[in-house]
Amino acid sequence: MEGLTIAEAKAIQQLLAKRVRLDDDFPETLSTVCGLDCSYSRRGKDGRMIAGAVLLRFGSWERLESAFVEGETPFPYVPGLLSFRELPLLLEVLRRLERKADLYFVDGAGIAHPRRLGLASHLGVVADIPTIGVAKSRLCGSFDEPASSRGAESPLRDHDETIGTVLRTREAVKPLFVSPGQKVSLESASRLVLACCGRYRLPEPTRQAHRLVTERRVMWKEKGHDATY
DNA sequence: GCGACAG
DNA sequence: ATCTTGTCGC
Ligand SMILES: [Mg+2]
């Protein structure tokens, strides 16, 4: 994963994309869900990053467990190749969670990707877990703006195939770009993301994971450290 | 060749 | 993603 050329990375995606499954393969009644996210150092310019994971009880959003790990940033950000940058540390942080979740929410695209293998799908295939990709903006595909009410949605398409759902999770607020990662159907993906959204735009798992990896910045600042994550 | 482009 | 304060709108 470290010394990969862009061409090699794309070839790997084409191979792994064949292993993506879009049929629901997770408990019908969700008990726990997991949110994952990463943050990067800037001020320290040390090229380091942090991956975080939170395990929540579905519905109450009570935090049952959380974990984070720091490491070297292995790959630059290249649109379409985000997984080669964040996957290594995300896999590591998953190992640090004592329990497994029924479903995983990833900050990024699932199959709504040029080669149908965004970060959520890549993680799902490699770790063999059900995942949903929740992106805050569009990577690829075309769509009609969904109505302004909460729950409004419209298909995200690439030519003749539907690769995701543009979902409005809050009234009059920019919609989310939801797509199946692995072992989750197109319909279940948007339905479950909405089910995890309360007063905020982001689903609870993603929101809490983001808070976890971002609150560290405050911790370091308070300790007088020059590194910002 | 030009513009788009998850985080 | 990160750098940053105030400001506009529901
Ligand atoms: Mg992120």
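So that the names make sense, note that chain A is the first sequence line, chain B the second, and so on, each numbered from 1. Note that this is a predicted model, so its numbers are computed, not measured.
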- Would you check, one step at a time, whether the test side chain to side chain donor-acceptor pair (under 3.5 Å) holds for A:Ser154 with A:Asp144? CA-CA 6 Å; A:Ser154 67; A:Asp144 289 321; over 6 Å; no

- Task: Name all pairs fulfilling the salt bridge (charged side-chain N to carboxylate O under 4.0 Å, His left out) condition that reach into residues 25-35 of chain A, sequence neighbours left out, sorted by first residue then second.
- Result: A:Asp25-A:Lys183

- Message: Please verify the inter-ring angle class for A:Phe143 with A:Phe177; under 30° counts as parallel, over 60° as perpendicular, anything in between as tilted.
- Response: perpendicular

- To the nearest 0.5 Å, how far apart are CG in A:Leu186 and CD1 in A:Ile111? 6.0 Å

- Query: Do you see a donor-acceptor pair shorter than 3.5 Å between the side chains of A:Thr214 and A:Arg211?
  - Reply: no

- Message: For Watson-Crick and G-U wobble pairs within 3.5 Å on both distances, what is DNA chain B written in dot-bracket notation, | included for inter-strand pairing?
- Response: .......

- Message: Is there a side chain to side chain donor-acceptor pair (under 3.5 Å) between A:Glu86 and A:Tyr40? Walk through the geometry before answering.
- Response: CA-CA 10 Å; A:Glu86 305 195 330; A:Tyr40 300 82; 2.6 Å; yes

- Give the intermediate values and the outcome of side chain to side chain donor-acceptor pair (under 3.5 Å) for residues A:Asp24 and A:Ser185. CA-CA 5 Å; A:Asp24 288 328; A:Ser185 68; 3.2 Å; yes

- Message: My understanding is that only residues two or more places apart in sequence, or in another chain, count here; which of them pass side-chain hydrogen bond (donor to acceptor under 3.5 Å, both in side chains) with A:Gln13?
- Response: A:Arg115

- Sorted by number, residues from residues 176-193 of chain A placing a heavy atom under 4.0 Å from DNA chain B are none

- Decide side chain to side chain donor-acceptor pair (under 3.5 Å) for A:Ser60 and A:Arg57; before the verdict, give the C-alpha distance in whole Å, the side-chain angles of both, and the deciding distance to 0.1 Å. CA-CA 6 Å; A:Ser60 73; A:Arg57 167 152 281 131; 5.2 Å; no

- Task: Mark yes when over 12 heavy atoms from residues, nucleotides or ligands other than A:Glu98 sit less than 6.0 Å from its CD; otherwise mark no.
- Result: no

- Which is it for A:Arg150 and A:Glu171 under the salt bridge (charged side-chain N to carboxylate O under 4.0 Å, His left out) test, yes or no, and what are the steps along the way? CA-CA 5 Å; A:Arg150 177 179 191 279; A:Glu171 166 93 39; over 6 Å; no

- Query: Have A:Arg63 and A:Gln208 got a donor and an acceptor in their side chains that come within less than 3.5 Å?
  - Reply: yes

Any N/O pairs under 3.5 Å between the protein and nucleotides 1-7 of chain B? List them or say none.
| from | atom 1 | to | atom 2 | distance (Å) |
| --- | --- | --- | --- | --- |
| B:dC5 | OP1 | A:Arg138 | NH2 | 3.1 |
| B:dA6 | OP2 | A:Tyr77 | OH | 2.7 |
| B:dA6 | N7 | A:Gly80 | N | 3.1 |
| B:dA6 | N6 | A:Gly80 | O | 3.0 |
| B:dA6 | N6 | A:Leu81 | N | 3.1 |
| B:dA6 | N6 | A:Leu82 | N | 3.0 |
| B:dA6 | N1 | A:Leu119 | N | 3.2 |
| B:dA6 | N3 | A:Ala109 | N | 3.0 |
| B:dG7 | OP1 | A:Lys136 | N | 2.6 |
| B:dG7 | OP1 | A:Lys136 | NZ | 3.2 |
| B:dG7 | OP2 | A:Ser137 | OG | 3.0 |
| B:dG7 | O3' | A:Asp107 | OD2 | 2.8 |

Output a table of nitrogen or oxygen pairs between the protein and nucleotides 8-10 of chain C separated by less than 3.5 Å.
none

